[in-house]
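Counting starts at 1 for both ligands and their atoms, following the listed order. Quantities reported herein were computed from a predicted structural model and do not represent experimental measurements.
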Amino acid sequence: MSIISKIFGDANERYLKKLEPIIRKINSFEPKIEKLSDAQLKEKTEEFRQKLRRGESLDDLLPEAFALVREAAKRTLGQRHFDVQLIGGIVLHQGKIAEMKTGEGKTLAATLPLYLNALEEKGVHLVTVNDYLAKRDTVWMGQIYDLLGLTVGCITHEAAYLYDPGYTPEISNSQFLISKQIPNSKSKIPNGERDKERDLVGGFKVVESYLRPVSRKEAYLADITYGTNNEFGFDYLRDNMIYSLDQMVQRPASPTGGPASPTGGGFNYAIIDEIDSILIDEARTPLIISAPDTESSIWYKDFAKIIPMLNPDTDYEVDEKTRTVTLTERGIERVEKILGMDNIYQEKGIKYLHHLEQALRAQTLFVKDRDYVVKNGQVIIIDEFTGRLMPGRRWSGGLHQAIEAKEGVEIRQESRTLASITFQNYFRIYRKLAGMTGTAATSAEEFDKVYNLDVVIVPTNKPLIRKSLPDRIYKTEQGKFKALIKEIKSRHQRGQPILVGTRSVEKNEYLAKLLEKEGIPCQILNAKHHEREGEIIAQAGRLGAVTVATNMAGRGVDIILGGNPPDAEEQKKVKELGGLHVIGTERHEARRIDDQLRGRAGRQGDPGSSQFFISLEDGLMRIFGGDRIKSLMETLRIPEDQPIETKMISRVIESAQSKVEGMNFDLRKHILEYDDVMNKHREAFYRKRREILERAQQDSLKDYILEIIQKQGFSEKDYRKKEKEIGSENMRQIEKFLCLRILDSFWVEHLENMESLRDSVRLRAYGQKDPLVEYKSEGHKMFRRLLQGIEAVIANSILRAELKPQSSKLPQQLIQQKKHKKIGRNDPCPCGSNKKYKKCCWPAYG
Ligand code: ADP
Ligand code: MG
């Protein structure tokens, strides 16, 4: 044991020791709580809430509340939380990561802190890796909360639900097929077929009829909400793109209805299941909401014609230093005249003008063969620092398209990022964050350094007796597969269930073909159909089962020996054969993932074993094994299907893995460091946007507008004049609408600019400067300019706002139309101009 793991181990022991009296206290409540009626259990919830209101803390309530949840689980699920699950529950309540091995019952352990923290009535979230698990856990655990009088919501990609035992949709017979196949079910709870089915198969099958479809908002307003990482994150982004506060789906900060702030509010407490998957494996891909940018490519052709008609002396101003061009008042008038428009802001919107200015930049500031070259019909950037060509990279914000239009080459469509966030930064919003997984210890350092989360290793309920057999190493991949098949065949003939893990879908299918050739029936899983795979993997412990799965497939679903629910005879036989045998066909880049696979066997004190088959041609070995492996391969004269027994190779594997782990850790840290800069901007921007929505709701947006109008050198009189001309009710609508639109279009551009800045500071690293420091300071300047730009444009657009003569209540009409139905591009424009929508206001209101 290394010194570090020794120290870690000691601290872990000390921590667990401290929990002992709490566990005793929870247990001491049991005799009393057991005697309560169901109705009295429910009353306890109210009693706890009152205690909280009187100033008691959650920690004070913990022992009795945990005892209560345990009793509810006993009465509903027929499962009594093990003491180690109580430990897990405390760890989670304290905002740490509980490492609990596969099959230890993390789903049930989480009910304890979820119930306790839900008492505060601020909402608590349980985050799962896919929709299927979110639904499964809602239905499976929902009965516990329901007995205690709490509501449970569920957020998935397609829909949102509330757990509702009284909900009776059309139930088809097929939903009961499974329970009918199960001989003498052991469930003691006599509350109908449906309950029986759920309690028997709840671990892998969603009994949909408990889920009543509701709006997302209602699901978030439930005491406890289950959902996926993606959907929680997307809802957050979408809530920051709304046009009126009542469209917000996530919880407001206070019960009285204020909006959630970036710190706290609806983001009270979250437990992330399989936290290593979400915060480590998925950490490199941020959540992005984007939209194809269709209109701009059409515009650029027009712009390329208009711009040469402008007068460089009077119509626009070029600033070489900041590389910007702005149209003057006269310039705008001139464009309006060319296009035959009265008011370009009103008729085309801010985005049009922005693209017009990009086109202007393309024509005035960007020079062919200095800034870019045109090659094979493509515009290729010349790097300003190194002078190298940068094929494939594109300028953002529409500039690249503007240059393509200028050069008369094909204009390529782009999608624009409207909002984005990394999981790391989304989950940091929560006031308290906790997580659970079977494999956290090897990443404890990363959790600590990056997220400030402690890892606690929770002991297993029963001693772990799984055998980890030594690696079998082969010279060639082909030799490895031959040996693999031989091994599977011999174990399968005895009837032992086998789970084979592959790294890729490709290898997964290849192996299945080999098995088929040998006449060995197998199930293939490759994480494409979560629900069906859940049902298959649940049966992977049956006599003679061979299951070939990728890492992700069937995750979260427990493998019980002898099937799920188990057949006693069969279970006995499988146990005699040594339980489930897990075979790894390749080492993963991270030891953690290998451990996840091994952990599939030997749950809850079951017998089980695992072994890895490795070849010197495997990716990891080839890329990171180094020269020693290569020379070894040449000198070794062993036949390819003979395992190589040498300690050296095992050492090389270990060191390759830790090398890759370290590299990936750095990469993730790096991404986060950059996203942290963006995160500050995002928080500030979202705050500003919320403020505008709130002000609009409270009718105080006008004060803000007046303030910025004066800052821009206009007077209150200008404003009054405009307000009178338009009418104050219309003015209110226009103000809100313009503010939000302008804010959003600047933000989208800022996202793009920050991305290009990232690229460009990386190149500056050649100049001995720290790119991150550069990124921070340049980014900060850009953000300040963004805020100033927003104010200037808001002030200008509002003072230039006009109503069409035909309609006196234009914006209101539009907004309502938009809510009910999307206006088609060829429909008459709702502004009443008698023109087609696409030729008139679109896309300003699309
Ligand atoms: P994990 O997520 O930790 O891998 P699960 O939550 O999927 O484990 O639970 C594994 C299995 O253990 C499930 O079949 C569950 O019903 C069972 N289980 C969990 N806790 C208990 C308990 N206290 N008593 C009996 N069975 C339990
Ligand atoms: Mg689980």
Side-chain angles (χ1 to χ4, degrees), residues 23 26-27 30 66-67 69-89 91-92 97-112 114 126-130 132-141 143-144 186-188 197-206 226 228 271-278 435-440 457-462 464 466 499 530 533-535 537-541 552-566 571 580 595-606 608:
I23 304 297
I26 301 169
N27 283 323
E30 193 162 12
F66 275 27
V69 177
R70 186 193 244 178
E71 181 61 27
K74 240 158 70 186
R75 287 190 199 180
T76 52
L77 265 172
Q79 294 181 350
R80 178 179 175 274
H81 292 75
F82 304 125
D83 282 1
V84 291
Q85 286 173 310
L86 301 179
I87 296 178
V91 172
L92 294 171
I97 297 177
E99 177 176 288
M100 294 172 72
K101 296 274 174 288
T102 308
E104 284 295 299
K106 291 185 277 292
T107 323
L108 189 64
T111 56
L112 302 159
L114 286 172
L126 188 122
V127 186
T128 63
V129 290
N130 63 46
Y132 155 69
L133 290 173
K135 282 196 327 197
R136 180 198 74 169
D137 293 355
T138 307
V139 175
W140 199 18
M141 299 295 120
Q143 50 188 332
I144 298 174
K186 284 177 294 182
S187 174
K188 286 193 215 102
E197 150 140 20
R198 183 252 318 266
D199 295 338
L200 273 173
V201 300
F204 61 90
K205 185 154 169 57
V206 182
Y226 283 76
T228 64
I271 299 177
I272 308 182
D273 191 9
E274 312 228 28
I275 191 167
D276 53 337
S277 292
I278 292 174
M436 47 192 194
T437 169
T439 46
I457 302 175
V458 179
T460 54
N461 184 41
K462 292 186 183 156
L464 183 73
R466 184 187 65 229
L499 175 72
H530 300 301
E533 293 188 0
E535 291 181 24
I537 201 106
Q539 309 305 336
M552 306 290 173
R555 69 173 161 187
V557 177
D558 192 32
I559 304 177
I560 300 179
L561 300 183
N564 189 349
Q571 186 166 63
L580 181 71
D595 290 344
Q596 269 170 19
L597 182 62
R598 286 196 185 99
R600 289 295 201 151
R603 59 172 287 282
Q604 292 283 344
D606 281 345

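Looking at D276 and T439, their side chains do bring a donor and an acceptor atom within 3.5 Å of each other. Using modelled atom types, one finds a donor on one side chain and an acceptor on the other under 3.5 Å when comparing R555 with S277.
With hydrogens and angles disregarded, no donor-acceptor distance shorter than 3.5 Å links the side chain of E274 to the backbone of M436. Checked by atom type and distance alone, the side chain of K106 pairs as donor or acceptor with a backbone atom of K101 at under 3.5 Å. Not one N or O on the side chain of R80 forms a donor-acceptor pair closer than 3.5 Å with the backbone of A73.
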Distance dump, ligand 1 polar atoms to protein, N/O, under 3.5 Å:
unit_1	atom_1	unit_2	atom_2	d
ligand 1	3 (O)	G105	N	3.1
ligand 1	3 (O)	K106	N	2.9
ligand 1	3 (O)	K106	NZ	2.9
ligand 1	4 (O)	G103	N	2.7
ligand 1	6 (O)	K106	N	3.4
ligand 1	6 (O)	T107	N	3.1
ligand 1	6 (O)	T107	OG1	2.4
ligand 1	8 (O)	G105	N	3.3
ligand 1	14 (O)	D558	OD2	3.3
ligand 1	16 (O)	Q79	NE2	2.7
ligand 1	20 (N)	Q85	NE2	2.9
ligand 1	23 (N)	R80	O	2.7
ligand 1	23 (N)	Q85	OE1	2.9
ligand 1	26 (N)	Q79	NE2	3.4

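Among T460, D558, T102, N461, the one residue that satisfies the side chain to side chain donor-acceptor pair (under 3.5 Å) test with R603 is D558.
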